[in-house]
Amino acid sequence: QLQLVESGGGLVQAGGSLRLSCAASGRSFSTYAMGWFRQAPGKGREFLGVISANGGNTYADSVKRRFTISRDNVKNMVYLQMNSLKPEDTAVYYCAAGFLAIRSAGRYDYWGQGTQVTVSS
């Protein structure tokens with residue numbers, strides 16, 4: 001099993017950037033697909049993107065040109081670089097680990113506690 005801990009959230013002005021980190025501890029991190037999701041108050045958990053065990057990326061259309069996911073299998077870390085942030089990006093951001101690099105939150109096995117990102121206008 002894995003334990004995941006997100007960090008790097010905070011307050012940023014519209015147009016700014018943040019890099020979120022997800023630190024993993026446990027066995028076989030390098031074999032998992034690592035996804036990023038977010039959840040705004042009153043809304044469901046939204047898929048943002050995923051990086052496969054082999055390093056291939058898939059992104060949601062809403063963030064495709066602004067967000068980038070990377071991973072470091074030596075450090076057991078995954079990152080979400082967010083650029084050109086908008087107020088509608090305000091949400092709690094989560095990393096997750098699963099067997100398949102897919103969009104459905106329900107198919108991921110392990111989740112971090114989330115980190116708050118607030119974008120001011």
Side-chain heavy atoms nearer than 4.5 Å, only ILVMFWY residues, links allowed to pass through others: does that put Y32 and Y79 together? no
With the side chain counted from C-beta on, respond yes when I102 and V50 share a heavy-atom pair under 4.5 Å apart, and no when they do not. no
Side chains of V78 and I69, heavy atoms from C-beta outward: is any pair under 4.5 Å? yes
How long is the straight-line distance from CG of L48 back to SG of C95, given to the nearest 0.5 Å? 11.5 Å
Contact summary for A101 and S52, nearest pair of heavy atoms: CB-CB, 4.1 Å
Starting at CZ of R71, measure out to OG of S30 and round the result to the nearest 0.5 Å. 7.0 Å
Check: T31 main-chain N/O paired with S28 side-chain donor or acceptor under 3.5 Å: no
Would you compute the distance between atom CE of M34 and atom CZ of F29 and round it to the nearest 0.5 angstrom? 5.0 Å
Is it the case that the side chain of T90 and the backbone of V119 share a donor-acceptor pair, with hydrogens and angles ignored and the cut-off at 3.5 Å? yes
Side-chain donor or acceptor of D72 paired with backbone N/O of V74 under 3.5 Å: yes
Decide yes or no for W111 and L4: does some side-chain heavy atom of the first lie under 4.5 Å from some side-chain heavy atom of the second? no
Any S120 side-chain heavy atom under 4.5 Å of L11 side chain: yes
Are Q81 and S17 side-chain neighbours, meaning at least one heavy-atom pair lies under 4.5 Å? yes
Flag the pair M77 / S21 as yes when at least one side-chain heavy-atom distance between them is below 4.5 Å, and no otherwise. yes
Side chain to side chain, V92 and T115, heavy atoms closer than 4.5 Å: no
For residues 43-75, which residue pairs pass the ring pair (Phe, Tyr, Trp, His ring centres under 6.0 Å) check, not counting sequence neighbours? F37-F47
I need the N57 CG to S70 OG distance, nearest 0.5 Å. 8.0 Å
Rounded distance [0.5 Å steps], CE in M82 versus CG in L20: 4.0 Å
Within a strict 4.5 Å, meaning less than it, do heavy atoms of the Q1 and Y110 side chains meet? yes
One pair to check against side chain to side chain contact (heavy atoms under 4.5 Å, CB included): E6 and W36. What are the steps and the verdict? CA-CA 10 Å; E6 301 96 336; W36 283 96; 4.1 Å; yes
Give a yes or no on whether Q113 atom CD has more than 12 heavy-atom contacts from other residues, nucleotides or ligands under 6.0 Å away. yes
Could you work out, with ring-ring contact (aromatic ring centres under 6.0 Å, His included) as the rule, every residue matching Y94, not counting sequence neighbours? none
Is the closest side-chain donor-acceptor distance between Y93 and R38 under 3.5 Å? yes
Quick check for you: to the nearest 0.5 Å, what is the distance between I51 atom CD1 and T58 atom OG1? 10.0 Å
Start with the C-alpha distance between K86 and D89, add both sets of side-chain angles, then the distance that settles salt bridge (charged side-chain N to carboxylate O under 4.0 Å, His left out), and finish with yes or no. CA-CA 5 Å; K86 307 172 182 179; D89 294 320; over 6 Å; no
Enumerate the disulfide bond (SG atoms under 2.5 Å apart) contacts for residues 34-64, please, sequence neighbours excluded, ordered by first and then second residue. none
